[in-house]
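Just so it is clear, the model here is predicted, and its values are computed rather than measured.
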There are 2 protein chains.
Amino acid sequence: MDLTDRKKQILKVVIEDYIAKAEPVGSKAIAGEMGGSVSSATIRNELSDLTELGYLEQPHTSSGRVPSPKGYRLYVNELMERQRLSVAETEKINQALHMKMEELDRVISQAGRAVSNFVSYPAYVAAASRRKHVTARHFDLLPVDDRSCIAVMMTGDERVKSQLLRLQLKVDPEQVQSLTKLLNSRFTGVDTEEMNKRLMAVSEEITPQLFLLLSQTVSYAADVLEEAGQKEIYTAGANQLLRLPEFQDVGKAHELMSFLADDKENLPVPDENSPMKILIGPENVNQALQDTSVVVASYDIGDDMRGLIGVVGPTRMDYGAVAARLSGFADGLTRMFGTKNLPPKGEQET
Amino acid sequence: MDLTDRKKQILKVVIEDYIAKAEPVGSKAIAGEMGGSVSSATIRNELSDLTELGYLEQPHTSSGRVPSPKGYRLYVNELMERQRLSVAETEKINQALHMKMEELDRVISQAGRAVSNFVSYPAYVAAASRRKHVTARHFDLLPVDDRSCIAVMMTGDERVKSQLLRLQLKVDPEQVQSLTKLLNSRFTGVDTEEMNKRLMAVSEEITPQLFLLLSQTVSYAADVLEEAGQKEIYTAGANQLLRLPEFQDVGKAHELMSFLADDKENLPVPDENSPMKILIGPENVNQALQDTSVVVASYDIGDDMRGLIGVVGPTRMDYGAVAARLSGFADGLTRMFGTKNLPPKGEQET
DNA sequence: TTTAGCACTCGCTTTCCATGAGTGCTAAAG
DNA sequence: CTTTAGCACTCATGGAAAGCGAGTGCTAAA
């Protein structure tokens, strides 16, 4: 049930016109844009067919046509010209990503803002560890004064976290040092459950003061490892929506913006194996996204982590431009987190 | 030029009615709410006076009155009943703030979201060091493998930051240890400019490899100290605006939301000495805030830092409720960052 | 000083009409 | 069989007119 070339061309014109103008497009306009090789009447016949086949929709009997989700899908799969980014734009993307070495979370949230600015739609980003079980790789306890010390830990996915611990009782720096050794010998490379078991096991070997410090450290470590498993999602540029004609209705805008602010966890994630995924209107399972489209790409953070970066917009979004820019950003991020360069993958601060 | 008690009472009724309903309030409604002790005609005379004096405004000849900024100001200064939070609400606030010890930035941004939820208006938060010049207090270099090591630094305002450094060349762990001593003896307690001077001074004393590592560390330290000086502002709950009748006009909503997203630095800050500040409509110097009111409070983060927490809403905001909740939060935060308890002031992770 | 009465104002909603872009259908032409 | 011109028809949109009603200001009486 393939469409004729002319039908496809007409569909393409309709979609691109609608993307640009956000208004139903009529036969006359199409005829004009196709160079006058056919008359509007012919177009009308074709439009009628396309409508019947479900690629177009008519808001009401007798106004121009509007693409249906099915139409967009065909467009995205076959008709859309894969846009190449200009050199200047690639440059700009890399510039936007060229920030000082900083904490991972900060980097990706900034990347989210940059993407949103670039594509003029709301964007969302996240990063998560690929490993099932992240464990502690290295501990250090640094005495600060006699009542507090800093716990530094490095995780299996090369993140560094630290935390100031307050002590109830004075502890001797030398004892702290021996405790550090204990931590590194017995509490690295195991999951949190095992950590707690071992904590119990050593309870008799050391003084109560040290045990208190130890258990504080272990509990902190458990928190960090816990947190490493789940990804935090950042959204940016939700207000871009208000610019769009489809969100002039405050109710709609409110609904979607609240979703972006409070239900980010339910935003689509990319498929495991493909670098990019496009979801059009009702293809989104999520109620709040029924009338919107989502483009989401993935990128690598070193070898152990993986991130996602996505854009939310009206179904009438400029898929070509968004997809191109998004993969530009994804590539840029992957490169930036790559092991070769100085700004390295897992660096950050606690 | 003091108002009679009855005029004040009428003004109060008008404002509270308008706060609740967002619609001009008429003489009849006022008479009703005042218990029928006077007739609507009397009220009309009084309203006429109040309008002449500038406390009220008339959208057009012949619909109810609306409070003017001057009216709100009188209300806030004299008429408003200082609301006390119920025990249940204080409880809720403390519960919202009772989070795990975490990085400072995360804590306050979460507090921002909590406030916004509580008062149903957008909120903003920030924290900044009180000191003019923050210096490094303690360094540690921890070798991870033969090509990378972690730089941990503690700043004068008790924040701990760390960073993974990649090395070009192999460095011996013992040398690293001696470098740590050098850092602590010569690069603590001085500002960044002085640090760079001293870096130059030692360039001849040590091997080129070590010097490279040292300069990486110093440059990182400079970044951190730089950053400590300026506060980052977080906003939350901007979408709350769309709920309000005064922002049903998408244009207005867009303007303010963009301001909250992109120009947060220009949001009002509290006065040095008073714990809370209320700015009504045109009292805001900022163009984008002309039609809104801002309530902003300050809180202490230990002894060295100070934070702010504010709410943005329509001039018709419920000042009493917002002020009460805001100071509840500010108190809660101050207490939470206080030195007494376990979740301590400056703790965080890099 | 307060109140009742009354004419008047003016924004809001509804109704109605004209307009025009765009369609579907038919019949003729290629 | 495809394309095109012609034409009647549909329907969203915008503006004008009309009715409604909440609320006012003013006057005169209590």
Of the listed nucleotides ([options]), which one gets closest to any side-chain atom of [X]?
X      : options                 : result
T42(A) : dT4(D), dT24(D), dT2(C) : dT4(D)
R44(A) : dC6(C), dT2(C), dC25(C) : dC25(C)
S48(B) : dT3(C), dA5(D), dG25(D) : dG25(D)

In whole Å, what is the span from the [atom1] atom of [X] to the [atom2] atom of [N]?
X      : N       : atom1 : atom2 : answer
K7(B)  : dT2(C)  : NZ    : P     : 9 Å
L56(B) : dG25(D) : CG    : C1'   : 16 Å
E46(B) : dT1(C)  : CD    : C1'   : 10 Å
I43(B) : dG25(D) : CD1   : P     : 13 Å
D49(A) : dC1(D)  : CG    : P     : 15 Å
M34(B) : dT3(C)  : CE    : P     : 10 Å
L47(B) : dA22(D) : CG    : P     : 18 Å

Distances under 3.5 Å only, N/O to N/O: pair up the protein atoms with those of nucleotides 10-17 of chain C.
unit_1: dC10(C); atom_1: OP1; unit_2: T61(B); atom_2: OG1; d: 3.4

Distance-only, no hydrogens or angles: does the S116(A) side chain make a donor-acceptor pair with backbone N or O of Y121(A) under 3.5 Å?
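Yes: the side chain of S116(A) pairs with the backbone of Y121(A).
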Closer than 4.0 Å, any side-chain N/O of Q58(B) to the OP1 or OP2 of dG23(D)?
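Answer no for this pair, as no side-chain N or O of Q58(B) is under 4.0 Å from OP1 or OP2.
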Check whether any side-chain N or O of R65(A) sits under 4.0 Å from OP1 or OP2 of dT23(C), and answer yes or no.
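For dT23(C), OP1/OP2 do have a side-chain N/O of R65(A) under 4.0 Å.
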Between the protein and nucleotides 15-17 of chain D, which nitrogen or oxygen pairs are less than 3.5 angstrom apart?
none

Is the count of non-hydrogen atoms from other residues, nucleotides or ligands lying under 6.0 Å from [X] atom [atom1] greater than 12?
X       : atom1 : answer
K7(B)   : NZ    : yes
Q290(B) : CD    : yes
N77(A)  : CG    : yes
E78(B)  : CD    : yes
K8(B)   : NZ    : yes

Can you see which heavy atom on L242(A) is nearest to which on F247(A), and at what distance?
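In terms of heavy atoms, the two residues are closest at CD2-O, 4.4 Å.
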Mind listing the closest non-hydrogen atom pair of L244(A) and P314(A) along with its distance?
CD1-CD, 3.6 Å
Identify every side-chain donor-acceptor pair in residues 261-271 of chain B under 3.5 Å, counting partners at least two apart or on other chains, and give the distances.
unit_1: D271(B); atom_1: OD1; unit_2: K277(B); atom_2: NZ; d: 3.1

Enumerate all atom pairs, one protein N or O and one N or O from nucleotides 26-30 of chain C, separated by less than 3.5 Å.
none

Got [X] and [Y] here, is their nearest side-chain heavy-atom distance under 4.5 Å?
X       : Y       : value
F118(A) : L326(A) : no
L289(B) : L279(B) : no
D318(B) : Q83(B)  : yes

Would you compute the distance between atom CD of Q9(A) and atom CG of L3(A) and round it to the nearest 0.5 angstrom?
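Result: 13.0 Å between the selected atoms.
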Ignoring hydrogens and geometry beyond distance, is a side-chain donor-acceptor pair present between S293(B) and Y72(B) at under 3.5 Å?
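No - no donor-acceptor pair under 3.5 Å links their side chains.
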Among E46(A), Q58(A), R65(A), which residue satisfies the side-chain hydrogen bond (donor to acceptor under 3.5 Å, both in side chains) criterion with T51(A)?
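The residue from E46(A), Q58(A), R65(A) that satisfies side-chain hydrogen bond (donor to acceptor under 3.5 Å, both in side chains) with T51(A) turns out to be R65(A).
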Please report how far the helix from dT1(C)-dA30(D) to dG30(C)-dC1(D) bends, comparing the axis fitted to its first five pairs with the axis fitted to its last five, to the nearest 10 degrees.
20°
Below 4.0 angstrom, which residues in residues 18-31 of chain B have at least one non-hydrogen atom near DNA chain D?
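Only G26(B), S27(B) qualify.
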Are E89(A) and R325(A) ion-paired here, with the side-chain N under 4.0 Å from a carboxylate O?
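R325(A) and E89(A): salt-bridged.
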Is it true that E33(B) and K12(B) make a salt bridge, defined as a side-chain N closer than 4.0 Å to a carboxylate O?
no
Nearest heavy atom decides the nucleotide; on that basis, is T51(A) or A41(B) closer to the 5' end of DNA chain C?
A41(B)
